[in-house]
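In what follows, a single structure is set out as structure tokens and then discussed.
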Amino acid sequence: MIEVSSLCRKFGDFCAVDNVSFSIETGEIVGLLGPNGAGKTTTMRMITGFLEPTSGCVKIDGLDVTEFPVQTKAKIGYMSESAPMYKDMIVADYLKYVAEIQRQNAAEKIPHLAEICGLKEVMHKNISDLSRGNKQRVGLAHALMGDPEILILDEPTSGLDPNQVQEVRNLIKEIGKTRTVIISTHILSEVEMLCNRVIIISSGKKVADGPTGELLEHYGSSNVISIILENASEQSVKEKISAVDGATAVSIKSEGNKLYVSVSVKDGKEIRGAVAKVCVENGWNLLELVLRKNTLEDVFRILTNGGAEK
């Protein structure tokens, strides 16, 4: 278990992390979100023991990270955003070097990590010659070398192409079956797919913490119906659709002979049938009618409101 209590970190007069508290149970996959400069990376570095808190504490299985650095760090695998490695080394030699530093059995660990991280075909290559996706895989293998109970990943799919992103996501899902995982990423769809819980930090403060589904229900904006119409006037459409029970706001954008209509819907209301009926009764040519569900992006925008940038 990870326990973060009243955690603060200052750099001079600037408070990067301000009184943040949360706990993470064993086996959870948690997304740590926030705008650039919100304090995510600083928080992760304090959890790993890389940075010492100005005040507050982090405990891993009841042990304070500052007081018991060796015991707590042994439980954590950390992959930073850049995944720093000795790029002039061959993959197999680099992983052997990491194993020796961590006093692991290289002959036993490396074949296993090469298998689960998909590195078998590149073990003979220089790290500098690898694709970014394979470099991320090497970084994951490094983070997993000590068989940590906790895996902390900072932007694990940054800069990858779509195929590489999917491969790394599948790997994280598999790893998450047996470990506690914390993921920091700007790709919100990734968090929705991978994480069963989300913590959002803005301007150094925790602004939300809960299961992904609950955050969508509690903070997400109202459902929106998107409509494309032909043979309709803006004034008539706005008037008629606004009168539908459950429609809270109607906005319209005109392009050529088409109207792009966005209808905000009162929570829990099903008004698609009523809206379609209005379109038919008024002779409008209905080209599209789609209900857009709440997304984590909606929640993020509402809670961070642009957030702090640096």
**OP:** Linking directly or through intermediates, with side-chain heavy atoms under 4.5 Å: list the remaining ILVMFWY members grouped with I228, chain and number order.
**Re:** Y260, L287
Original post:
Who else is in F68's hydrophobic cluster (ILVMFWY, side-chain heavy atoms under 4.5 Å, direct or via others)?
Top reply: L63
Let me have the donor-acceptor pairs involving side chains of residues 2-13, under 3.5 Å, with sequence neighbours excluded, atom names and distances please.
from : atom 1 : to  : atom 2 : distance (Å)
R9   : NH1    : E52 : O      : 2.5

Original post:
When clusters are formed from ILVMFWY side-chain contacts under 4.5 Å, directly or step by step, what else is grouped with M193?
Top reply: none
Subject >> ring pair (Phe, Tyr, Trp, His ring centres under 6.0 Å) contacts in which one or both residues fall within residues 126-148, not counting sequence neighbours >> reply: Y94-H142
**OP:** Mind checking salt bridge (Lys or Arg N to Asp or Glu O under 4.0 Å) for D93 and listing every partner two or more places apart, or none if nothing turns up?
**Re:** none
Original post:
Taking ILVMFWY side chains as joined if any heavy atoms are under 4.5 angstrom apart, and letting links pass through other members, which residues group with V70?
Top reply: none
Subject >> Pairing residues for K125 by the side-chain contact (heavy atoms from CB on, under 4.5 Å) criterion, not counting sequence neighbours >> reply: V122, L130
Subject >> Under the ring-ring contact (aromatic ring centres under 6.0 Å, His included) test, residues paired with F50 that sit two or more places apart >> reply: none
Subject >> Residues which pass salt bridge (Lys or Arg N to Asp or Glu O under 4.0 Å) with K269, listed by chain and number, not counting sequence neighbours >> reply: D245
Side-chain donor/acceptor pairs under 3.5 Å, residues 109-118, sequence neighbours excluded:
from : atom 1 : to   : atom 2 : distance (Å)
K109 : NZ     : Q104 : OE1    : 2.7
K109 : NZ     : M145 : O      : 2.9
E115 : OE1    : K120 : NZ     : 3.2

Original post:
Who pairs with E25 by side-chain contact (heavy atoms from CB on, under 4.5 Å), at least two apart in sequence or on another chain?
Top reply: M1, E28
